[in-house]
Novice: 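Just dropping this structure here.
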Amino acid sequence: MSAESNQLDALLSESRVFPPSEAFRAQANFNDPSVYERAAADPEAYWAEQAQHLTWFEPFTKVLEWDPPHAKWFIGGKLNAAYNAVDRHREGPRKNKAAILWEGEPGDSRVYTYDMLGREVDRAAHMLHHLGVRKGDRVTIYLPMIPELAISVLACAKIGAIHSVVFGGFSAKSLRERILDADARVLITADAGWRRGGQIPLKANADEAVAGTAVEKVLVVRRVGEASGAKMTPGRDVYWDELAAQMPKTPYPAEPMDAEDVLFLLYTSGTTGKPKGIVHSTGGYLVGANTSLRSVFDLKDTDVFFCTADIGWVTGHTYVVYGPLTAGATVVMYEGAPDWPHRGRFWEIVEKYGVTIFYTAPTSIRTFMKWGPEIPAQYDLSSIRLMGSVGEPMNPEAWMWYHEHIGGGRAPIVDTWWQTETGCAMIAPLPGLVAAKPGSVTRPVPGISAAVLDEEGNPVELGHGGYLVITKPWPSMMRTIWRDDERFRRSYFGKFPGVYLAGDGARVDEDGYFWVLGRIDDVINVSGHRIGTMEVESALVDHPAVAEAAVIGRSHEVKGQAITAFVTVKEGVTADEALAKELKQHVVDKIGALARPEEIIFTAELPKTRSAKIMRRLLRDIAEGRVIGDTTTLADPGVIEELKKLYKEND
Ligand code: WTA
C-alpha cells in the first residue's frame, strides 16, 4: 500500500481541527453529545426511536433479527416509501412546499410542490399498473436527471415494484446485462438526454439492450423531441406523455409493504467481471436514509438541499430522492454537467435557489480548484450553511479550498464515508457535535459500529492500516446480492464471520478518527465511480486484437484514480496509436464512457507470478513511478525493466 501510505503520512501530519461554531451547535438537530453513548449502549433502541420519524401503516413488533449475514429490521412493520417521501407531506402544511426544484441543462426549469409531485407519482403508478407491473416486479429505469426519473422511482415504490436504476452513462451492453440479471418486465427511458449540448442516445441504446430480454413494454419520456430521431416499436414502446393523458386523475393507493420487502436493486462493481445487484429493503433503508438527513445533514424544513449526484448512483437514491423527500426537504435536481454552458453553473444554481446544503464529490472539488476561485466568487453563495463530500478520500488541500471558497470559511463540512451496500452515510461527523479534521471522515454515526482489523481479525494498533469493517448490523445494510446470496456471504462476510467487510483500507488516529485509504480489492474509483478492473479487462480481451489485458487504477490529480490498461496483442497485430484508440472506444461501447482507459500500454508480456497470476500491484508501482521492491516471485523478472521503459515512453 505504498501510495496510500504516502498519502496517509501527509494526512496524519494534518493537524488542523475545525470544531463546530457555537452558533451552529446551538441550532443543530443533534447537539447533545450523549447520543453517541446512548446509541452505542443500545443500538436497537436508538434505531427504533429514529424509525418513529417515518409513517408506518402498521407498527413493527420487533426491532432486529440477526442471523449473520442476514439481518431483518422492524419486523412486522408495514409502510410505503413513496407515501413517506411524498403523500404524507401532501396532507399537512408542506402540501404546497417545493419538493423538487429542477434545473435542465439547456436552461429550462420546473418546480414541483409536494402536492404536484404526488399527482405525478400517482399518474406514473397508474401507467406502470396499466403496463402490467405488479408488486415485486422489476422495473429498469434508464433516464437522464429529469423529474421523471425521481417520479419513476417513486411510482415503483408506490405500487411495490422493485426499481433498478441504471446510470444514463452506461452503454447498451451494460444496460442489457442489468436488465437480464434483474429480469425486468418494463423499461423506462427517454428519447435521448442532453449532455454538454450534445445528445445521449438513450432510446437507441435501450432498443439494443432489450432485444430478446423479458422486457415487454418500454415507456419513453420525450426529453429531446424530434431531434433525437428515436424510433418507436409499435406494441412495445409508448410515450410517457401520451399514456399519461389516458390515465385516471385519481390517487393510486400506496401498497403497504413489509419492512423487509425489497425497495430497489442497484448494480455496482465488485472484484469479478459481473456487476452485483445490491438489494435494499424498504423499512431499514428508509430509516437509514431519513435519519442521515436529520443527523449528518442537520436538515430543517427551511433547507434547500442540493446533492450533485445522479440518481443512477446510490448517492442520488439516498440524497436526492429518499432521504431529503422523506424528511420533507426542498431538493434541487440538476440535469447537466458542471461546466455547461459555463464553469459557474453549480454556483449559479446555488444562487438562484438559495441552496443551504451542498453535497458533492472530491473529484468535483478538485476540478473547481483547477478552474480557479474567481468562478465561484462571481456568485452569492452566502446561503450555504453546510457542505458534504462523498465518493473517495478528500485530500486536505481540497478540503481547505472547499471550506474557504464555497463555504465562506463558515459552513461546516461533513466528509461522509459509505457505499452502495451501506445505504447511507456510516462514518461522518454530526456537524453540531464533531470537530472536522481535513481528510478524515471522523467517527461512525450514532448506531453504527465500525472498526479497523488486521489479517487475523484483531483491531489494529492506533495509526496502523487495516480492513475497514462494520461489526454490528444496521438498518440500511444491503440484504443480499440479487439472486446470488452465496456471493453476498462470501464477498462481505467471508473474511471475518459475522462482520461486514467494506473492501476499503483505513486507519484510526489517537482521537478515534477514521482515515479511509481507498479500496483494497480490484475495484478502481474513478471520479468517485466504482469500476471493476475485471470488467474493463473482459471488455478489452473481447476485442479480436487483444491477447491479454491487465487493468489498474493509478493515482490521478483530478479523478482520484485513472484507468491504465496494459495490453498484449495477438500474433501479427500491429500495436499502434490507432489500435489504442480503437480499444478505448471498445471499452466505452462495452461498459460506458466512465470506464474509458486513460492510457493503453502495449507490452510483449505481463508480469506474472510462477503460478501465472498477473501482478497488478507491480503494474501500479510502475504506473505511479515507484521504486520496485522484491520481484523474486516473478516468473520473468526481466519484464519489469521492459515495462518501466514502455511506461516512460508513453508518458
Ligand atoms: C469510496 C458511494 C473515502 C470507498 C457512496 C467506498 C470514500 C466506495 C468515501 C463506495 C469517503 C466513498 N472517503 N472514500 N468519504 N465515500 N468512498 O458504492 O472506497 O459508489 O468503498 O458508494 O467509495 O462507492 P459507492
Side-chain angles (χ1 to χ4, degrees), residues 1 4 7-8 11 165 167 169-170 264-271 275-280 285 288-289 292 296 307-320 322-323 359-366 387-396 398-399 402 413-429 436-445 450 452 465 467-470 476-478 481 491-492 500-507 513-532 553 555 559-561 594-595:
M1 283 199 190
E4 287 87 347
Q7 188 194 4
L8 190 82
L11 291 178
V165 181
F167 173 59
F170 276 115
F264 65 86
L265 307 181
L266 187 57
Y267 287 85
T268 190
S269 294
T271 41
K276 316 182 258 200
I278 304 300
V279 172
H280 277 289
Y285 170 78
S292 179
V296 177
C307 164
T308 65
D310 192 290
I311 294 174
W313 308 108
V314 74
T315 306
H317 279 60
T318 305
Y319 295 98
V320 178
Y322 289 115
Y359 191 24
T360 197
T363 185
S364 308
I365 300 166
R366 290 192 297 263
M387 304 186 297
S389 171
V390 62
E392 46 173 323
M394 178 154 51
N395 41 316
W399 198 101
Y402 198 29
I413 297 175
V414 288
D415 185 353
T416 62
W417 176 87
W418 62 294
Q419 309 176 293
T420 307
E421 293 88 338
T422 70
C424 64
M426 303 288 281
I427 311 183
K437 292 187 192 179
S440 168
V441 291
T442 77
R443 53 187 293 196
V445 299
V452 178
Y467 298 98
L468 179 57
V469 298
I470 311 295
S476 66
M477 69 192 285
M478 69 185 291
I481 293 174
S491 313
Y492 301 102
Y500 172 85
L501 180 76
D504 280 333
R507 297 194 198 195
Y513 276 44
F514 285 68
W515 300 76
V516 179
L517 305 173
R519 303 288 308 188
I520 47 170
D521 53 11
D522 294 327
V523 172
I524 312 177
N525 190 333
V526 184
S527 301
H529 297 147
R530 277 163 70 170
I531 297 157
S555 46
K559 298 178 179 178
Q561 284 189 304
L594 68 165

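Counting starts at 1 for both ligands and their atoms, in listed order.
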Novice: Taking atom CE of M478 and atom OG1 of T268, what is their separation to the nearest 0.5 Å?
Specialist: 9.5 Å

Novice: Parallel, tilted or perpendicular for Y285 and H280, by the 30°/60° rule?
Specialist: tilted

Novice: In terms of atom number and element, which parts of ligand 1 are under 4.0 angstrom from non-hydrogen atoms of V441?
Specialist: 13 (N), 15 (N)

Novice: Which of the numbered atoms in ligand 1 are below 4.0 angstrom from a heavy atom of D504?
Specialist: 4 (C), 6 (C), 19 (O), 21 (O)

Novice: Any atoms of ligand 1 less than 4.0 Å from a non-hydrogen atom of V390? List them with their elements.
Specialist: 5 (C), 16 (N)

Novice: Which of the numbered atoms in ligand 1 are under 4.0 angstrom from any heavy atom belonging to N525?
Specialist: 1 (C), 23 (O)

Novice: Out of W515, W313, W418, whose heavy atom is nearest to atom 2 (C) of ligand 1?
Specialist: W418

Novice: S389 to ligand 1: N or O pair under 3.5 Å?
Specialist: no

Novice: Quick check: do W515 and P393 have side-chain heavy atoms less than 4.5 Å from each other?
Specialist: no

Novice: Distance under 4.0 Å to a non-hydrogen atom of P393: what atoms of ligand 1 satisfy this?
Specialist: 3 (C), 13 (N), 14 (N)

Novice: First locate atom CD1 of I531, then atom OG of S269, and finally report the distance between them rounded to the nearest 0.5 Å.
Specialist: 6.5 Å

Novice: What's the verdict on side-chain contact (heavy atoms from CB on, under 4.5 Å) for T360 and Y402, showing C-alpha distance, side-chain angles and the deciding distance?
Specialist: CA-CA 10 Å; T360 197; Y402 198 29; 3.6 Å; yes

Novice: With a 4.5 Å limit on heavy-atom distance, are the side chains of I470 and M477 in contact?
Specialist: no

Novice: Heavy atoms only, cut-off 4.0 Å: how does R530 contact ligand 1, side chain, backbone, both, or neither?
Specialist: side chain

Novice: So is there a nitrogen or oxygen of G391 less than 3.5 Å from a nitrogen or oxygen in ligand 1?
Specialist: yes

Novice: For Y500 and T422, what are the C-alpha separation, side-chain angles and deciding distance, and is it a side-chain hydrogen bond (donor to acceptor under 3.5 Å, both in side chains)?
Specialist: CA-CA 10 Å; Y500 172 85; T422 70; over 6 Å; no

Novice: Evaluate the ring planes of F167 and H529, with Trp represented by its six-membered ring, and classify them as parallel (under 30°), tilted (30 to 60°) or perpendicular (over 60°).
Specialist: tilted

Novice: Taking distance alone, with N or O pairs closer than 3.5 Å, would you say R519 contacts ligand 1?
Specialist: yes

Novice: Measuring from atom 18 (O) of ligand 1, which candidate in T315, T420, V516, V414 has the nearest non-hydrogen atom?
Specialist: T420

Novice: If I take atom CZ from residue R519 and atom CD1 from residue I524, how far apart are they, to the nearest 0.5 angstrom?
Specialist: 11.5 Å

Novice: Heavy-atom contacts with D415 under 4.0 Å: which atoms of ligand 1 show up? List them by number with element.
Specialist: 11 (C), 15 (N)

Novice: I'd like to check which ligand 1 atoms, numbered from 1 as shown, lie under 4.0 Å from a non-hydrogen atom of T416.
Specialist: 9 (C), 11 (C), 15 (N), 16 (N)

